[in-house]
Every structure is written in structure tokens, then in C-alpha cells.
K.L.:
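Encoded as C-alpha cells, here's the structure I'll be asking about.
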Amino acid sequence: MPDPGQMYKNIGKTVISEKRIRAKVSQLAEKISQEHQNSEVTLVSNLKGSFRFVSDLASRLTIPVRIDFISFRSYVGTKRKDSKVRIEKDLDLDIHGKDVILVEDIVDTGLTLNHIIRYFEEFKKPRTIKVCALLNKPSRRLVPVQMDYIGFEVPDKFLIGYGLDHEEYFRELNNIAEYKTRQK
Ligand code: IMP
């Protein structure tokens, strides 16, 4: 069982401050609004890490917006071909013929996003699918992924805060920080 008291002592240095996150989210929302003028978008947030990002992003859009949540998780096996993605919660909304933006907290190996896009293209038939990720960790990529809107490129460190967790804690933090693992 994790010891939260001990875990909170392992919060490392801030990688992205609350102020920088706020500014970046506004910038991304402005770009999305401009590119979808006279239209509407459906934001699809992959739980749980992107719940804060999607909320802030949606509140800054100046176009009509619908929001839905899915939960797809990737499990990386010992070999790349063993990697699997499991659907824990599917869409509630119909996105057939709609302009969809997948909202992710962080793209790491790319497996989750790659799977979601292929699943939507095959079974949900949206008009367009774009990807908006707050963080991109390109050093760990296993499969190529299309990314249309990116907040920040981050190094290969384990990050917490602003939705990102370790053992389900730290999502409430307003900044993004490093988590000090024992090995480091
Ligand atoms: P992937 O791109 O399929 O490897 O999976 C991305 C998911 O892994 C994200 O949505 C996060 O939930 C999780 N993840 C990846 N890197 C981190 C991190 O540094 N901190 C917290 N969660 C992470």
C-alpha cells in the first residue's frame, strides 16, 4: 500500500508552472477556435489524466463544443508486439461525421493514442480526428502518432500534477513537477 505522507515528500522540482500552463492552454484554445470557425468540435478526453486540461481548454474555446470521456489504457509487455490497449469506458456521444479532437495529458509510447485513433476511424467514423496533447515525451515513443496541437515537449522524467498521477495521487496539484523515484 502506498504511504501518501511519504509520497508527498517525493514531489520534485517544478517542470511547468501554473502560470505557464494557463498561458499555454489559452494559446491552444485560441488556435483551435480559429481553425474551427463557423463550426463546432467534440473534445474527447482520455481519462483520467486529461480531466483538468480538457476542462480548462473547453472553457477557453470560442466555438460550440461538446465534451465526452473515454478510458483506454495501454499495457506494455516485455516485447513490443505484446503491448495491449484495453477499453475501460467507451464514448457516450455519437461522433459520426463530426470534427473530433482527442485530448491527452501526455503522449509517451504513443500506443494508447494510436489505438484510439484506429478504433475511432474503424468504428465511429468521425469527419476528422485531431490530437491535442498538453505534454509530449518523444524520447519514449514506440509507435508514430499524429499530433496536431502540442503544449510542451518534456524530457523522459516521471511527471505529476495538473491531472497526472502517481498511484492516483497528485492530480490536484496546479503545477507539473518531477516525481522523485527511489532509483534517482
Ligand atoms: P502511452 O503514450 O500509451 O505510453 O500512454 C500515455 C499515458 O501514460 C498517459 O495518458 C498517462 O496516463 C501515462 N503517463 C505517461 N507518462 C507519464 C508521466 O510522466 N506521469 C504520469 N503519467 C504518465
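Just so you know, these numbers come straight off a predicted model, no measurement behind them. Values reported hereafter were calculated over all heavy atoms of this structure, with side chains retained and with hydrogens, waters and symmetry mates removed. Every number for a ligand or one of its atoms is a count from 1 in the order of the listing. In this chain, numbering begins with 1 at the start of the sequence shown.
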K.L.:
Mark the output for Gly49 as yes if a heavy-atom distance to ligand 1 is under 4.0 Å, and as no if none is.
P.N.:
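Contact check Gly49 vs ligand 1: negative.
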
K.L.:
Go through ligand 1 atom by atom and flag the ones less than 4.0 Å from a non-hydrogen atom of Lys137.
P.N.:
16 (N), 17 (C), 18 (C), 19 (O)

K.L.:
Side-chain donor-acceptor pair under 3.5 Å between Ser139 and Asp156, yes or no?
P.N.:
no

K.L.:
Work out whether the distance between some heavy atom of Asn114 and some atom of ligand 1 is less than 4.0 Å.
P.N.:
no

K.L.:
Report, in ascending order of atom number, the atoms of ligand 1 lying under 4.0 Å from any heavy atom of Lys157.
P.N.:
19 (O)

K.L.:
Going by the side-chain contact (heavy atoms from CB on, under 4.5 Å) test, name the single residue among Val41, Leu61, Thr128 that passes it with His36.
P.N.:
Val41

K.L.:
Evaluate the side chain to side chain contact (heavy atoms under 4.5 Å, CB included) criterion for residues Leu91 and Phe120: first the C-alpha distance (whole Å), next the side-chain angles of each, then the deciding distance (0.1 Å), finally the verdict.
P.N.:
CA-CA 10 Å; Leu91 284 171; Phe120 280 9; 3.8 Å; yes

K.L.:
Work out whether the distance between some heavy atom of His115 and some atom of ligand 1 is less than 4.0 Å.
P.N.:
no

K.L.:
Using side-chain heavy atoms (C-beta onward) and a distance below 4.5 Å, is Leu28 in contact with Phe53?
P.N.:
yes

K.L.:
Do the numbers put Lys31 on top of the ring of Tyr149, so that NZ or CZ is under 6.0 Å from the six-membered ring centre and no more than 45° off the axis?
P.N.:
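No; the conditions do not both hold, so Lys31 does not lie above the ring face of Tyr149.
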
K.L.:
Polar-atom distance check: Leu113 versus ligand 1, any N or O pair below 3.5 Å?
P.N.:
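No; every N/O pair is 3.5 Å or more apart.
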
K.L.:
Is the closest basic N to carboxylate O distance between Glu40 and Lys98 below 4.0 Å?
P.N.:
yes

K.L.:
Just jot down the ligand 1 atoms closer than 4.0 angstrom to any heavy atom of Glu104, in number order.
P.N.:
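Atoms satisfying the 4.0 Å criterion: 10 (O).
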
K.L.:
Out of Leu159, Val145, Leu47, Ile116, whose heavy atom is nearest to atom 21 (C) of ligand 1?
P.N.:
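Going through Leu159, Val145, Leu47, Ile116 one by one, Leu159 has the nearest heavy atom to atom 21 (C) of ligand 1.
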
K.L.:
Between Glu153 and Asn136, is any side-chain donor less than 3.5 angstrom from a side-chain acceptor?
P.N.:
yes

K.L.:
Numbering the atoms of ligand 1 from 1, which are under 4.0 Å from a heavy atom of Thr112?
P.N.:
1 (P), 3 (O), 5 (O)

